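Report on the following structure.
Bear in mind that the values here come from a model prediction, so they are computed numbers and not experimental data. Quick note on labels: first sequence line is chain A, next is B, and so on, each numbered from 1.
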Protein chains: 2
Amino acid sequence: MAKTKVLVTRQLIDEAQRLLDAKEEELEIVQWQSEKPCERSWLLENAKGASGILVMLSDKVDEELLEAAGPQLKAIASFSVGTDHVDRNALKKRNIRLGYTPTCLTDAVADLTIMLILMAQRRGGESMAKVTKGEWPQMPWHPLLMTGPQIRGCTVGFLGFGRIAQASLQRLLPFGIKRVIYLTSKPGQPVKEDQLGLLKNANIPIEPASSADQLAEESDVVIVGCALTPDTKHLVSTDFFAKMKKLAVIVNIARGPIIDTNALVKALDEEQIFGAGLDVIEDEPNITADHPILRQPRAVLVPHIGSATIETREKMATESVKNLLAGLANEKMVNEVQL
Amino acid sequence: MAKTKVLVTRQLIDEAQRLLDAKEEELEIVQWQSEKPCERSWLLENAKGASGILVMLSDKVDEELLEAAGPQLKAIASFSVGTDHVDRNALKKRNIRLGYTPTCLTDAVADLTIMLILMAQRRGGESMAKVTKGEWPQMPWHPLLMTGPQIRGCTVGFLGFGRIAQASLQRLLPFGIKRVIYLTSKPGQPVKEDQLGLLKNANIPIEPASSADQLAEESDVVIVGCALTPDTKHLVSTDFFAKMKKLAVIVNIARGPIIDTNALVKALDEEQIFGAGLDVIEDEPNITADHPILRQPRAVLVPHIGSATIETREKMATESVKNLLAGLANEKMVNEVQL
C-alpha cells in the first residue's frame with residue numbers, strides 16, 4: 001500500500017518532530033529543511049498528492065495551493081492562532097478540514113499584552129533608547145522627567161473580548177484598574193463566554209460598550225484584540241484617535257490592519273494620544289528602518305512575538321502535528337475551525 | 001518677626017507648589033529655578049540659616065551641608081523613597097528630622113517591575129532593537145525565533161520582601177507563577193509584614209529562603225528589591241550568577257550597587273542567565289554609550305524611572321512639602337525616617 005503523503009513547511013521542535021517521525025512507516029513525510037520560510041514554488045510543487053499539509057502563518061493556503069495538491073487533500077493543520085492566511089471558502093467547498101492552535105498561546109499573548117501596555121504608559125522604548133544613545137548622564141532629573149500615566153485607576157477598553165482579552169484582563173486586575181468596557185461584533189450586548197469567571201467575580205464594572213466611539217472616548221488603555229475581518233480593518237483610524245484621551249495608550253496584539261498606521265503616526269505626532277504598543281502592524285514584516293512608525297519615540301513595536309515563548313511554541317508545534325494526524329485519520333482535532 | 005527660611009532644590013508640581021506658596025507669609029522660600037539639578041555651590045550657599053531643606057535624590061545631605069546650614073536646621077524633607085544620599089548619623093547627632101516619601105510610589109515601582117520581568121523574559125529590548133534597525137523583513141520565521149521563557153510555572157525569588165516586592169508579587173499572581181521564595185536580613189524566617197494579605201491568602205507557596213545561594217539556584221525570576229547596605233552591596237555577583245538557571249532572568253528595581261555590573265555582563269556574555277531588566281545600575285546616571293551593559297542584547301536598562309508616573313510624582317512632591325512643613329512645626333510627618 002502506498003504511504004499517505006504529508007507536507008510540512010518547517011522543521012519542528014522536539015516532541016512535535018518526534019510525534020511526526022513516529023509515523024514514518026505509514027506516512028511519506030516531505031518537509032522543508034531550511035530555517036528560512038518555505039518557498040512558494042517548493043510548496044506548490046510538493047503539495048501534489050498530499051493528503052495533509054502542515055503550514056505556518058507565512059504560507060498562503062488558497063485555490064492555487066489546493067488545486068496543486070489535488071482532490072485527495074483532507075486536512076490543513078496551521079501552526080497559528082489566526083487563519084487569515086487560509087481561504088476558508090476554498091477549503092469548505094472541497095470538504096477539507098482546518099486545524100489551528102488557538103488555545104495554547106493564550107498565556108504568552110496575554111503576558112505580552114501587559115508588557116506592551118506598561119511599555120506604552122511608562123515610556124519603555126523611549127527611555128531605553130535614551131540610555132542606549134548615552135543620553136542618561138545629560139538627562140537633568142526633574143519631578144516630571146520621563147513620567148507617564150499610571151495604570152491604577154484606568155478604564156481599560158477592549159476591542160474584541162475573547163479568550164486572550166479576558167486572560168489579559170485577569171492579569172490587569174491587581175494593577176488596580178477601575179473599570180472595563182469592551183466592544184464585540186454585538187455592541188451593547190454582554191459576551192456569553194466568561195472564560196475565566198471574571199465577569200461573574202470581578203469587583204469592578206465590566207460592561208459592553210455601545211460603540212467604538214464610546215470605547216475611544218472613555219478608555220485610558222485601548223487593547224486591540226479582535227479578529228481581522230472586513231468590518232474591523234482600519235476600525236481604529238483618524239476618527240477613533242481624535243476621540244481618544246490625550247493620556248491614553250493603545251496596544252495591538254491582534255492583526256496589524258485593524259489600526260490604520262498613517263492615522264496612528266499622525267495621532268502620535270500631534271500628541272492626540274500618549275503612546276502605542278504594537279506586536280503587529282500593517283505590511284509586517286516589511287518594516288524597514290525608514291518606516292514612519294519607527295520615528296515615533298512613544299511607539300513601541302516588536303516583531304509579532306505574541307506567542308514567542310519556548311513553552312508555547314513547543315505546544316503549538318505538537319498540537320499542529322496532532323491536528324494533522326487527526327485530519328488524516330478522520331479523528332477529532334485538538335482545535336478545528338468550523339468552516 | 002523674621003520669617004523662617006526654607007530651601008527647596010527644585011521647582012515643584014501643581015498642588016505641591018501651591019501648598020508651599022500658601023505659606024509665603026510665614027516662610028522665606030528660597031527655591032532653585034532651573035530644570036537642571038541644583039548646583040552644589042548654590043545649595044551650600046543658600047542653606048545658611050535655613051530651618052528646613054527639601055532635597056532631591058541628587059542632592060547629598062552630609063556634614064558639609066549641615067554645617068553650612070547652621071544649628072537652626074530642624075528638618076530635611078527628601079523627595080525620594082531611598083535615603084542613601086543622606087548621612088543619617090549626621091542628622092541624628094544634631095536632632096534633625098528626616099522626612100521621605102516611601103509609600104506613594106509603591107504602585108509605580110511595582111508596575112515597572114512587571115514591565116522589566118516581561119521585557120527580560122520576552123526579549124522586549126532585543127526584539128524592538130531589531131525592528132528599529134530594519135531587520136524585521138530579513139528575520140526568517142521559525143518556531144523558536146525570538147522566543148523566551150514563559151512566566152507561568154515560574155518560581156519567583158525576591159531579594160528583599162518589603163512593600164514594593166509584595167505589591168509586585170500581587171501583580172504576578174494571575175500570571176500563573178508557581179512558587180515564591182524570599183530572602184530578607186533574617187534568612188529562613190518568615191516576614192512579619194504581610195502588606196497585602198498575600199502570605200495569608202495566596203494559593204501558592206510563599207516561603208523564606210535560607211540563603212542567597214538557595215534563592216539563586218531555585219528561582220526562574222530574581223527580583224532585587226532590598227535596601228542598599230554594606231551587606232547587600234554586590235550581593236549579586238559572580239557566585240550568585242553561577243548558581244542561577246540558564247533560563248532565569250534578574251530584575252533590579254532597588255539600587256544599582258546590589259548587583260556587580262561586571263559580573264552581570266559576564267553572566268550574560270557566557271549565557272549563564274537568560275536576561276536582565278534594570279531600572280538602576282552602579283554609577284548611574286554616568287552610563288555612556290560605550291558602557292559594556294549596553295552591548296548586551298538581553299539586558300534592558302531604563303533610566304531609574306521606577307516612580308516616574310505623573311500621579312506618583314505629584315503625590316511625592318506634595319508629601320515632601322507636607323513633611324517639610326510638619327518638620328518646621330514640630331508636627332507628625334507623613335513619613336519620617338526613625339534615625
Side-chain angles (χ1 to χ4, degrees), chain A residues 10 12-13 35-37 56-58 79 107-108 111-112 114-115 118-119 122-125 127-128 130-134 136-137 139-152 170-171 173-176 284-289 294 300-303 305 308-313 317, chain B residues 10 12-13 35-37 56-58 79 107-108 111-112 114-115 118-119 122-125 127-128 130-134 136-137 139-152 170-171 173-176 284-289 294 300-303 305 308-313 317:
Chain A
R10 274 303 177 288
L12 299 169
I13 341 176
E35 283 224 331
K36 290 185 188 160
M56 306 284 135
L57 201 55
S58 46
F79 186 120
D107 280 331
D111 293 349
L112 197 84
I114 308 306
M115 182 188 100
L118 293 169
M119 288 183 76
R122 301 300 295 276
R123 302 163 73 170
S127 67
M128 209 170 50
K130 279 181 187 290
V131 172
T132 307
K133 284 181 201 148
W136 196 358
M139 281 164 71
W141 196 91
H142 65 86
L144 289 180
L145 178 72
M146 292 308 293
T147 48
Q150 191 155 312
I151 195 160
R152 180 169 296 279
Q170 186 181 38
R171 287 156 173 75
L173 289 173
F175 286 85
E284 68 178 63
N286 299 313
I287 306 300
T288 47
L294 300 178
V300 167
L301 175 60
V302 292
I305 56 172
T309 69
I310 301 162
E311 292 84 345
T312 294
R313 289 288 170 81
Chain B
R10 274 303 177 287
L12 299 170
I13 341 177
E35 284 225 330
K36 290 185 189 162
M56 306 285 136
L57 201 56
S58 47
F79 186 121
D107 280 331
D111 293 348
L112 197 84
I114 308 306
M115 182 188 100
L118 292 169
M119 288 183 76
R122 301 300 295 277
R123 303 163 73 169
S127 67
M128 207 169 51
K130 280 181 186 290
V131 172
T132 307
K133 284 182 201 147
W136 196 358
M139 282 164 72
W141 196 91
H142 65 87
L144 288 181
L145 178 71
M146 293 309 292
T147 48
Q150 191 155 311
I151 195 161
R152 181 170 296 279
Q170 186 182 37
R171 286 156 175 74
L173 288 173
F175 286 85
E284 66 177 65
N286 298 315
I287 306 300
T288 48
L294 300 178
V300 167
L301 175 59
V302 292
I305 56 172
T309 68
I310 301 162
E311 292 84 343
T312 295
R313 289 288 169 81

Quick check on [X] against chain B: is it the side chain, the backbone, both or neither that has a heavy atom closer than 4.5 Å?
X	answer
A/A317	neither
A/I13	side chain
A/L301	both

* Among the listed options B/T147, B/L144, B/T288, B/V300, the residue most often paired with chain A at heavy-atom distances under 4.5 Å -> B/T147
* When B/L57, B/I287, B/N286 are compared by non-hydrogen pairs under 4.5 Å with chain A, the top option -> B/I287
* Value rounded to 0.5 Å, distance of CD in A/Q170 from CG in B/L173 -> 10.5 Å
* Asked: How long is the gap from CD1 on A/I305 to NZ on B/K130, to the nearest 0.5 Å?
  -> 11.5 Å
* May I ask you to test the A/M139-B/P303 pair for a side-chain heavy-atom distance under 4.5 Å? => yes
Taking side chain as everything from C-beta outward and backbone as N, CA, C, O, which of these in [X] sits under 4.5 Å from a heavy atom of chain A? Side chain, backbone, both or neither.
X	answer
B/R10	side chain
B/L294	side chain
B/M119	both

* Asked: Is a donor on one side and an acceptor on the other found under 3.5 Å between the side chain of B/E311 and the backbone of A/Q150?
  -> yes
* To do: Tell me, please, which residues at least two apart from B/D107 pass side chain to side chain donor-acceptor pair (under 3.5 Å).
  => A/R152, B/R171
* Using the side-chain contact (heavy atoms from CB on, under 4.5 Å) rule, take B/R122 and A/D111 through it: C-alpha gap first, then chi angles, then the decisive distance, then the call. => CA-CA 9 Å; B/R122 301 300 295 277; A/D111 293 349; 3.8 Å; yes
* Structure fact -> On a heavy-atom basis, the closest approach of B/A308 and A/M146 is CB-O, 3.5 Å
* Asked: So, for B/A289 and A/T132, which heavy atoms are closest and what is the spacing to 0.1 Å?
  -> CB-O, 3.8 Å
* Asked: Can you name the residues that form a side chain to side chain contact (heavy atoms under 4.5 Å, CB included) with B/E284, not counting sequence neighbours?
  -> A/W136, B/V280, B/I281, B/H304
